[in-house]
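Before any comments, here is the structure.
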Amino acid sequence: MTSNGNGQVIQLTKKDFESDQQVRWCPGCGDYAILATVQSFMPELGIPRENIVFISGIGCAARFPYYMETYGMHGIHGRAPAIASGLAVARPDLNVWVVSGDGDALSIGGNHLIHAMRRNVNMTILMFNNQIYGLTKGQYSPTSELGKVTKSTPFGSADYPFNPISLALGAEASFVARTIDNDRAHFTEILRKAVAHKGTKFIEVYQNCNIFNDGAFDAVRDPRSGRENRIYLEDKKPIRFGKDESKGVIMDSDAQLKIVDVEEVGEARLLVHDENAVIPGRAFALSRLSHSPTGPVPLGIFRSVERPVYEDLVEQQIAQAKERGGPGDLAKLLRQGETWEVS
Amino acid sequence: MTSNGNGQVIQLTKKDFESDQQVRWCPGCGDYAILATVQSFMPELGIPRENIVFISGIGCAARFPYYMETYGMHGIHGRAPAIASGLAVARPDLNVWVVSGDGDALSIGGNHLIHAMRRNVNMTILMFNNQIYGLTKGQYSPTSELGKVTKSTPFGSADYPFNPISLALGAEASFVARTIDNDRAHFTEILRKAVAHKGTKFIEVYQNCNIFNDGAFDAVRDPRSGRENRIYLEDKKPIRFGKDESKGVIMDSDAQLKIVDVEEVGEARLLVHDENAVIPGRAFALSRLSHSPTGPVPLGIFRSVERPVYEDLVEQQIAQAKERGGPGDLAKLLRQGETWEVS
Amino acid sequence: MAKTVQEVDQVVIRFAGDSGDGMQVTGDRFTNATAVLGNDLATLPDFPAEIRAPAGTLFGVSGFQLHFADHDILTPGDAPNVLVAMNPAALKTNISDLLPGGTLIVNSDAFDDRSLAKAEYANNPLTDGSLAGYEVYEVPLNKLTLGALEGITGLTQKDMLRSKNMFALGLLSWMFSRPTDGSEGWIRDKFGKSPEVAEANLRAFRAGIAFGETTEVFTHSFVIKPAQLDPGTYRNITGNQAITLGLVAASVRSGLQLVLAGYPITPASDVLHELARHKQFGIKTMQCEDEIASAAAALGASFAGSLGVTVTSGPGLDLKSETIGLAVSVELPLVVLDIQRAGPSTGMPTKTEQGDLLHAMFGRHGEAPVAILAASSPADCFDIVLEAARLALKYRTPVIVLSDAFLATGSEPWKLPDVESLPDLTTAFEFATGPNHEGEFWPFLRDEETLARPWAIPGTPGLEHRIGGIEKHDGTGDISYDPENHHRMTLLRAQKIAGISKDIPRLEVDDPSGSAETLVLAWGSTFGPVRAACKRLRNNNVNVAHAHLRHMNPFPSNLGEVLHGYKRVIVPENNMGQLLKLVRAEFLVDAQGINKVAGAPFKAAELTQALEAHMEIPR
Amino acid sequence: MAKTVQEVDQVVIRFAGDSGDGMQVTGDRFTNATAVLGNDLATLPDFPAEIRAPAGTLFGVSGFQLHFADHDILTPGDAPNVLVAMNPAALKTNISDLLPGGTLIVNSDAFDDRSLAKAEYANNPLTDGSLAGYEVYEVPLNKLTLGALEGITGLTQKDMLRSKNMFALGLLSWMFSRPTDGSEGWIRDKFGKSPEVAEANLRAFRAGIAFGETTEVFTHSFVIKPAQLDPGTYRNITGNQAITLGLVAASVRSGLQLVLAGYPITPASDVLHELARHKQFGIKTMQCEDEIASAAAALGASFAGSLGVTVTSGPGLDLKSETIGLAVSVELPLVVLDIQRAGPSTGMPTKTEQGDLLHAMFGRHGEAPVAILAASSPADCFDIVLEAARLALKYRTPVIVLSDAFLATGSEPWKLPDVESLPDLTTAFEFATGPNHEGEFWPFLRDEETLARPWAIPGTPGLEHRIGGIEKHDGTGDISYDPENHHRMTLLRAQKIAGISKDIPRLEVDDPSGSAETLVLAWGSTFGPVRAACKRLRNNNVNVAHAHLRHMNPFPSNLGEVLHGYKRVIVPENNMGQLLKLVRAEFLVDAQGINKVAGAPFKAAELTQALEAHMEIPR
Ligand SMILES: Cc1ncc(C[n+]2csc(CCOP(=O)(O)OP(=O)(O)O)c2C)c(N)n1
Ligand SMILES: Cc1ncc(C[n+]2csc(CCOP(=O)(O)OP(=O)(O)O)c2C)c(N)n1
Ligand code: SF4
Ligand code: SF4
Ligand SMILES: [Mg+2]
Ligand SMILES: [Mg+2]
């Protein structure tokens, strides 16, 4: 829905969110599916196009804004959350999105990301995790598995990767989710819930880079064989997955999670998912079920809690100041403090 | 212990680690106690002074290296973990320390900190958390409580603070601990365990800034009244604290921790602490027991797990390459690939 | 004994004491009382980097110098006539500056053996004859203060001694016939929450006055008549305060919301602190995680249609480079305030320097020109910020404003402007509202005159568009790797900034004789010392001209003409010759520099001497 | 039919196709075969920013140009004599460069309607007569390749078509009489792991040769005799390869461990990639979280006693500013490699520019001078890196090395140096081993000649000390806020860098006539085009001199003298006049610039023309 400039309201379609720019990703890149999902979802938002802004950094993922017929800025490497924070604080009326890659968001931009989440600035951050630097042609990223052989690490990388969900939870994020580029239904559902949440929404999207890291997520992404490994988290429901939902997740007394045969342990022992738990201990434990996706992987919303939104508090302080002292009077302000007259 | 340059070994004392520089903190600052504890601990390390390096950023805390009679660099704001990483990679034989404040480490330097921890570079990071910017005269920091009134936030801060322990755990730190500036015995014990651990050691030190944030940690720091709130974590032991150890910590089935009366629930139900748990779920839950310290606060080692150390892997790759191909031969390298002769 | 009152035309006083002695507050209060009296004045605070260095140490000494007069003055004074030293360390570090025969007031209670040792005095200077060349007043400030406070309950002796600076303030207020109402009111306000403390400070202040008036230690006091300033309402103002007010004014006069994003750094933090108080104006301030984020947030705010501002000092400017480059490329307004301090690296954070001019000019990769302004006095910071906002809005460009520690913390009387007389910034820009090219919206179709591109802000239907740091097509703004287009865009970006020279005042030259052969060209905070030195030269019948730049990039259109009009051009700077490089390169004049990089402004005398040397004037 | 063989003295070939067509590989292979044959050569790859743009699009075209000759050549050629176009998009974007009458080889199979539409061709250029001015060879590359590969099992048709670039390579190899052994060997090596793919590529390659030899399409082939190069062993080398080898050599020749910390960025990443392979030399490479961290890590390594190096391009240099400033202040060796690309901001990442010179000079707050070097050809990158290491080690200073995208990816034959003849860097430094001042160790007591401070590394007993970015006392290195000391230290830091001019070669001028009145002063990658343009002018009997700078800061000691020896000085640069500003400021010569900022090097012809215009030579 949007106004057409003449005050009339028009129902928008996916097409309305396609910009006139030619899409420049490699054929077969997972980014195409993401773009299609987001563009298709947009009309549902019910927000006029002109009130939507996409901000990005640099990387293949970061080309995203160019393809969205909304306002957008393709910023500099890693700084999108900071640019978007300023935008959101200036204009809380806008619907703000950040699109970033694993390198952009977690390597050079790691600090802005964790601070945005801590502040709880109202924006939706889509992080396309392909566990590689795509645009610069295939160096390992902070999510690449230890020992990864890439252009910059011909003998294997020596550093242990981040788990983006753990990091987000450790950084106080109020909304944390994970989905897959090619799972449109699930992705759309996550987007729906994200936009309904006020604050920073961090969404990790497993994205296949078929050129430099093809198949990194096959264990869970493969439309056929991967299904078994998808642990779809559903709020307030016992965590089950696999063929006929035959597998489940339980928690030991020491806060370790285990994957079990539901029949063996009985449904009653299964961990019941709760997105809204104030303390993110369980969400964190869930995030540790998998690091790099080689087996069962939780997908969905790990955490969704209400917390004051940074720019709302900023607005409140302004409103209060105006209420207390009236709107600013420049002449009065200049005269504040001790003055004297010369005649 | 150190060599005196003539090959003789000398037993060092605290005095040997005091540099000739006048200490320039405000009278009453918690940093003095920290300096004394660290200087006293140093001889125990058994490492010659010349093999010890302290690296810092900028801030009151960051003045620390000047006072240590070791090698040292007072770097630039936020970058100490990065400088120290280069140093440690270049010289794994050195004993590397980073000293940082909450602003230095978590605000401008947040990214370097989390990446150092992820990589598991072998160094001990002391983060003096006074929940304020001291050197720049009293602005709120990323650990200041929400709503804090400071110079830069006259109407109260609008952003939710980090929990440094949660953040470190979310960033894959292999050793995470917390202590208090004025609790010398505990602090020394933590140092002892930290240096025995190989990898990145993150130690949060509650430090009183008596000028700009006096009493921030009184709930736990006060030598008298604070004692009751100190939950000293002891490895493999049930978590008890308070007067006569009458209180304890249990974990609910939903991974939430609760403080209980030990008599009421019985000792058997108490959570048993395990520093070495591979999966940091429980450690994370423990970190959530307190955010800003207003009540009971866990102190001690949250996590201590073995993981490959970045620079060790780097050395290994070099050793392997030399083994496979012999030491580098420059003339041969230049001639690699297709060459031709002109005569 | 009736005391005499002596009239003098100007005085330079320096208060010096421990960081904990409250010297900055004392200086501030004295300054305000002086300002209210109508003297012209200039101040120079000088404090250590340490927050509260251990008491009595040499590096913990904090000073505040004030120059006031019955006439127009330009600098905080080269050397004090009156030095107030609260302890031996303060005496040791300051006595060499006191003019021969000058007045020295010391707190004699502070000259115990321990304090003398801390100040590295082998002998007590009060008794060893080393102060013979001065008029020394030994005042037992501790005893007198404690005496005055006798009977106040609820305060420890240590608390009471905290008021001794107010005793000193009282004494000096008497000595220089300063009004006392303002200070009394201020004490009551400041300590309103703890009545005993307020009472203690009040009593100490009054006791100081009484001590001067009644004891026989002092035989006379002084008056300094008000200066002949322009009629109007005045207040005393520091550079950082002026910047803050300028930002509020820019918001009011442009009708735009102002968003300032910063990260604390000395000496810039106060701008963030002060501005954060003005929420009534709808101004938003953000303390970000670092300087990169704060530049980025400010740019985000500008994209959103606000006036984005970021404030920092040298090390922070380094970090903002890449983001400023992005702002150059996306052509959005952005005001970057750089309060320079002594470098390189951490340098001397509380000390002044003009070291960032070339960094502001060239400190970005690629060809990324920006506009640069420099304030020339504390009060000028107000005007320069308004001008920065005007240029940023009109040309959709980053504007870097250079101030420095000297301006930031120094103060001078400021004639309050009439709000209506301030520049109307609403005429500097308008938001795009519709298509601008055959029914389409082209975000890089430029205004023919200013070469600025349209500013279309989110929320405007139909103008949805994308911008970014990749080179874009002149006009459509689409990504373009076309070689010719890149060349053209590079030229256009340069021309846009160069074109500003048509939109700024021509450079005025102060050349009263009209026949000077030497031009002194300067910029920024050297204004006062340079103007003062020129006056001194003229008083010695040496003709000399002074031109002072506020627009550093582009230069005023007549600068070349001005330079070529003189036989000799001298460029004094608190750096190694940065403006010098620029004018030599652009105008090929064999200008020569006078360079002082000592963390302190020029003194009028040393500058006069250096100018004389350059002009080959025999002394 | 016996085919004739024609001898020519030089050829410029351009291969152009889709990003996926393997044009870079084809060009590389052809280059190697040409190099081995002993021709002189220069190359210019030109690829899109997109990794693998959708097939057939105009922006997805990737090109590789090679200039080879039987004589000394200087540039990759202004315009091709031979264009190989693998699809309509490649034809469209390249045809305008082909010389009139030039040879055009197209893959006619690629000219179907869909591809024509993607390339925005309304009519098929192969049939609409628009190519009448060229010698056009339509080769059905797809069909021919598939035909040649018939019978190979395990490959899809798509896989097979991937070999068509090898068919083209074979054809061109025949056409220009290139040796084939090298390419065959390379194919076997490269595809060793999948024998079918190797077989397919080999067969396609041979089929290409056979096609040229046997079909009647081509009537003659060419030979180009070897060039008269200095005797020795040669290899072909790109600038980035030369940097990598230079770094290894610096480590070997200094005996120091080298630690390179970087963060990927085009066109600098390859240095990190390549160096990471040389672990046998004990070289450590780190991919850090960002550019700040990588500069910081390199500095940490230098503090530890290694040779710390960091590599980046413009946007990354912005971010390293603050850390370089710290290195200036703590006076430690640090080599910063900046492979410049077109700016500002993200600009055009794969395109060349010389936009960072002034940023390297001035891009730090405060007075923070560093040494700056610039490589003038791909092979010169090797020598310049060794020189950078020498200066960094000897003067304990950051040295910024400027290369650019043109040098980084372009290549030329390189005569392999004798390892023993390389500079001995062990004489450039020594680690401090004991006290240097009355039994104490003073970390800032300088060497009288170089003004370098001692380098005392952790692990050295008795020399424990602390350094940092706060101003320090000349000598002891203790923190110092003393005004005079700061002034002195600022001067010393400047003098140390300025003093390097005594330690570098004097500038040589190429002025064969000895009577030129015009000097062309240039730096960096413009060497080839400038030298070529000067040759052309001389061939037209115009006397002109060329001097090329490799030391950008400080300048060679005789630069002023050289400049003042000519009536006219012209400075061509791929920027808006950055060296121009520096020499005008320093030497007050009215030098004029020729500026091209189009993401591409000068063409010899356009530069010749521009020089003629400046020299007012009628055409
Ligand atoms: C300051 C800076 N440093 C480095 C780069 C080069 N660079 C561009 S994108 C990128 C990483 C891309 O990886 P990621 O964010 O994972 O995105 P992807 O391409 O994989 O989608 C890098 C290193 C840059 N543009 N700017
Ligand atoms: C690039 C840069 N930005 C800002 C500063 C100013 N600065 C110095 S220390 C500091 C924060 C200090 O806080 P913290 O790290 O908590 O240390 P503390 O003083 O509290 O011990 C800041 C903002 C700086 N020196 N450099
Ligand atoms: S390089 Fe990878 S991530 Fe980038 S566009 Fe190609 S497939 Fe997608
Ligand atoms: S400001 Fe606070 S942290 Fe800094 S030295 Fe003083 S008391 Fe300590
Ligand atoms: Mg990626
Ligand atoms: Mg702090």
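Keep in mind it's a predicted model, so treat the numbers as computed, not measured.
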Are [X] and [Y] packed together at the side-chain level, in the sense that at least one heavy-atom pair is separated by less than 4.5 angstrom?
{"X": "A:Ile279", "Y": "B:Leu257", "result": "no"}
{"X": "A:Asn120", "Y": "B:Asp159", "result": "no"}
{"X": "B:His115", "Y": "A:Phe162", "result": "yes"}

What distance separates [X] [atom1] from [Y] [atom2], expressed to the nearest 0.5 Å?
{"X": "B:Ile318", "Y": "A:Phe155", "atom1": "CD1", "atom2": "CZ", "result": "10.0 Å"}
{"X": "B:Asn163", "Y": "A:Arg118", "atom1": "CG", "atom2": "CZ", "result": "12.5 Å"}
{"X": "A:Met251", "Y": "B:Arg282", "atom1": "CE", "atom2": "CZ", "result": "11.0 Å"}

request  = Tell me whether the guanidinium CZ or amine NZ of B:Arg119 lies under 6.0 angstrom from the six-membered ring centre of A:Tyr160 and within 45° of its axis.
outcome  = no
ask   = Where on A:His291 is there a heavy atom nearer than 4.5 Å to chain B: the side chain, the backbone, both, or neither?
value = side chain
key: Region of A:Pro161 that comes under 4.5 Å of a non-hydrogen atom in chain B   = backbone
message = Strictly distance-based, threshold 3.5 Å: is any side-chain N or O of B:Gln317 a donor or acceptor partner for the main-chain N or O of A:Gly156?
response = yes
key: Exam field: side chain B:Gln256 to backbone A:Val278, donor-acceptor pair closer than 3.5 Å   = no
note = In terms of heavy-atom contacts, B:Ala158 and A:Tyr310 come closest through O-CD1, 3.5 Å
task = Select, from A:Pro164, A:Gly147, A:Ala171, the one with the greatest count of heavy-atom pairs under 4.5 Å involving chain B.
result = A:Ala171
request  = Look at A:Ile108, A:Ile165, A:Ile114, A:Val314 and state which one has the largest set of heavy-atom pairs under 4.5 Å with chain B.
outcome  = A:Ile114
query = Pick one: which of B:Asn111, B:Leu106, B:Leu113 meets side-chain contact (heavy atoms from CB on, under 4.5 Å) with A:Asn111?
reply = B:Asn111
query = Is it the side chain or the backbone of B:Pro308 that comes within 4.5 Å of chain A heavy atoms, both, or neither?
reply = side chain
Heavy atoms from other residues, nucleotides or ligands near CZ of A:Arg240 exceed 12 (cutoff 6.0 Å) = yes
key: Heavy-atom neighbours of A:Arg307 CZ exceed 12 at 6.0 Å   = yes
message = Among B:Gly109, B:Ala277, B:Pro280, which residue has the highest count of heavy-atom pairs closer than 4.5 Å to chain A?
response = B:Pro280
